[in-house]
Amino acid sequence: MLDGRGGADPSLSAEGRDQARRVAGALDGLVGDSDVHVVTSSLARGVETGTLIAERLGVTPRVEADWDEQAFGEWDGLSFKEIRAKDAAGLSKLRHEPTHRAPGGETRDELDERVAAALGRAVERGGVVIIVTHRIVIMSVLAKVLDLSMDGAWRVAAAPASLTGIEVWRDGNAQVAFTNDTHHLRG
């Protein structure tokens with residue numbers, strides 16, 4: 001189901017809150033005594049997750065809408081099966097063409113532009129910046145850091161409540177330490 005910027009904006013389920021607490025514990029173990037910042041998307045599930053993480057780390061979360069999921073317009077709330085039945089060609093274009101937009105939605109190019117600006121602000125902040133965001137946004141960041149095409153970015157998994165670690169320096173150099181880490185969700 002697509003649930004992007006401008007959609008229903010659901011809160012976390014009980015399972016989602018449990019996963020968020022597990023993420024917070026995993027991050028607490030990773031960051032130690034680092035200078036840490038928590039930035040979340042403005043979507044309810046992002047804010048809830050970011051708040052739990054920030055509380056665990058003893059910091060105040062910052063909400064930045066530029067980290068929101070892509071806007072899917074009229075397709076928000078629909079399953080891929082429902083969208084495919086209505087507009088299979090449009091769904092394919094959304095995945096492969098950076099200038100295509102779902103009716104009333106946003107293009108991948110537009111998302112990439114706002115996410116790049118948000119990433120720049122995060123790097124300028126310095127220290128360890130924990131970003132609580134969404135799948136296509138993660139794909140956008142990884143595409144930028146790894147110089148992946150849009151199609152290539154779709155090949156990177158980003159499970160709910162997973163961790164992706166990227167080291168970025170102010171000079172623009174970066175390396176991906178890990179992606180789609182879900183070890184904290186086991187057991």
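Note that the structure is a prediction, hence the values are computed from the model and not measured.
Pairing each heavy atom of Ala44 with each of Asp9, the nearest pair is N-OD1, 2.7 Å. Of all heavy-atom pairs spanning Ala159 and Thr182, the tightest one is CB-CG2, 4.1 Å. Scanning all heavy atoms of the two residues, the minimum distance from Ala174 to Trp169 falls at CA-CZ3, 3.7 Å. Of all the heavy atoms in Arg121 and Asp66, the pair that sits closest is NH2-OD2, 2.9 Å. Minimum heavy-atom separation, Arg114 to Glu106: NH2-OE1, 2.8 Å.
Residues Asp112 and Lys144 fail the side-chain proximity criterion, which asks for heavy atoms closer than 4.5 Å. Using a 4.5 Å cut-off on side-chain heavy atoms (C-beta onward), Asp3 and Glu69 make no contact. When side chains are defined from C-beta on, Leu163 counts as touching Leu30, because their heavy atoms get closer than 4.5 Å. With contacts defined as side-chain heavy-atom distances shorter than 4.5 Å, the pair Lys86/Leu91 does not qualify. In this structure the side chain of Asp87 never reaches within 4.5 angstrom of the side chain of Lys93, judged on heavy atoms. Contact check for Thr99 versus Arg108: no side-chain heavy atoms found under the 4.5 Å cut-off. Under the 4.5 Å side-chain criterion, counting only non-hydrogen atoms from C-beta, Gln70 is not in contact with Arg5. Between Thr40 and Glu64, every side-chain heavy-atom pair lies at or beyond the 4.5 Å cut-off.
Of the inter-residue distances, the one linking Leu111 atom CG with Met139 atom CE reads 9.5 Å to the nearest 0.5 angstrom. The OG1 atom of Thr179 sits 9.5 Å away from the CD1 atom of Ile138 when rounded to the nearest 0.5 Å. For the atom pair Ile83 CD1 and Lys81 NZ, the distance stands at 13.5 Å (nearest 0.5 Å). Leu78 CG to Met1 CE: the interatomic distance, rounded to the nearest 0.5 Å, is 7.5 Å. Atoms CH2 and OG, on Trp154 and Ser149 in that order, are 12.5 Å from each other to the nearest 0.5 Å. One finds the OG atom of Ser162 at 9.5 Å from the CZ atom of Arg135 (value rounded to the nearest 0.5 Å).
When the side chains of ILVMFWY residues are joined at heavy-atom separations under 4.5 Å, either directly or via intervening members, Val168 and Val39 end up in a single hydrophobic cluster. Met150 and Val145 fall within the same hydrophobic cluster, defined by Ile, Leu, Val, Met, Phe, Trp and Tyr side-chain heavy atoms under 4.5 Å apart, directly or through other members. The cluster map of Ile, Leu, Val, Met, Phe, Trp and Tyr, joined by side-chain heavy atoms under 4.5 Å apart, puts Leu52 and Leu43 in different clusters. Note on Val137 and Val176: same hydrophobic cluster, where clusters join Ile, Leu, Val, Met, Phe, Trp and Tyr whose side-chain heavy atoms are under 4.5 Å apart, directly or indirectly. Follow the hydrophobic side-chain contacts under 4.5 Å out from Ile53 and you reach Phe178 in the same cluster.
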Chi angles and distances behind the side-chain contact (heavy atoms from CB on, under 4.5 Å) call for Leu94, Phe72: CA-CA 9 Å; Leu94 185 71; Phe72 300 111; 4.0 Å; yes
I would like to know whether Thr164 and Asp181 meet side-chain contact (heavy atoms from CB on, under 4.5 Å); could you show each step before the answer? CA-CA 6 Å; Thr164 296; Asp181 182 349; over 6 Å; no
List the steps and the verdict of side chain to side chain donor-acceptor pair (under 3.5 Å) for Glu167 and Gln175. CA-CA 5 Å; Glu167 297 177 25; Gln175 67 183 16; 3.2 Å; yes
Take Asn180 and Val156 through the side-chain contact (heavy atoms from CB on, under 4.5 Å) test and state the conclusion after the steps. CA-CA 8 Å; Asn180 198 40; Val156 178; over 6 Å; no
Audit row: Ser11, Glu48, side chain to side chain donor-acceptor pair (under 3.5 Å) steps and yes/no: CA-CA 8 Å; Ser11 295; Glu48 289 176 58; 3.2 Å; yes
Test side-chain contact (heavy atoms from CB on, under 4.5 Å) on Asp151 and His96 and set out the steps. CA-CA 6 Å; Asp151 285 338; His96 300 286; 2.5 Å; yes
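Ion pairing between Arg21 and Glu15 fails under the 4.0 Å rule for side-chain N and carboxylate O. A salt bridge between Arg84 and Glu82 is absent, with no side-chain N of the basic residue lying under 4.0 Å from a carboxylate O of the acidic one. Ionic pairing of Glu110 and Arg101 is present here: one or more N-O contacts between side-chain nitrogen and carboxylate oxygen are shorter than 4.0 angstrom.
Side chains of Ser42 and Asp68: a donor-acceptor N/O pair is present below 3.5 angstrom, by distance only.
Side-chain N or O atoms of Thr51 include one that pairs as donor or acceptor with a backbone N or O of Val47 at under 3.5 Å. A donor-acceptor pair under 3.5 Å links the side-chain atoms of Ser34 to the main chain of Val31, judged by distance alone. Here the side chain of His184 pairs a donor or acceptor atom with the backbone of Ala161 at under 3.5 angstrom.
Heavy atoms from other residues, nucleotides or ligands lying under 6.0 Å from CZ of Arg170 number more than 12.
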Quick one: side chains of residues 127-134, donor-acceptor pairs under 3.5 Å with protein atoms, not counting sequence neighbours, listed by atom name and distance.
residue, atom, partner, partner atom, Å
Thr133, OG1, Trp67, O, 2.5
His134, NE2, Ser41, OG, 2.7

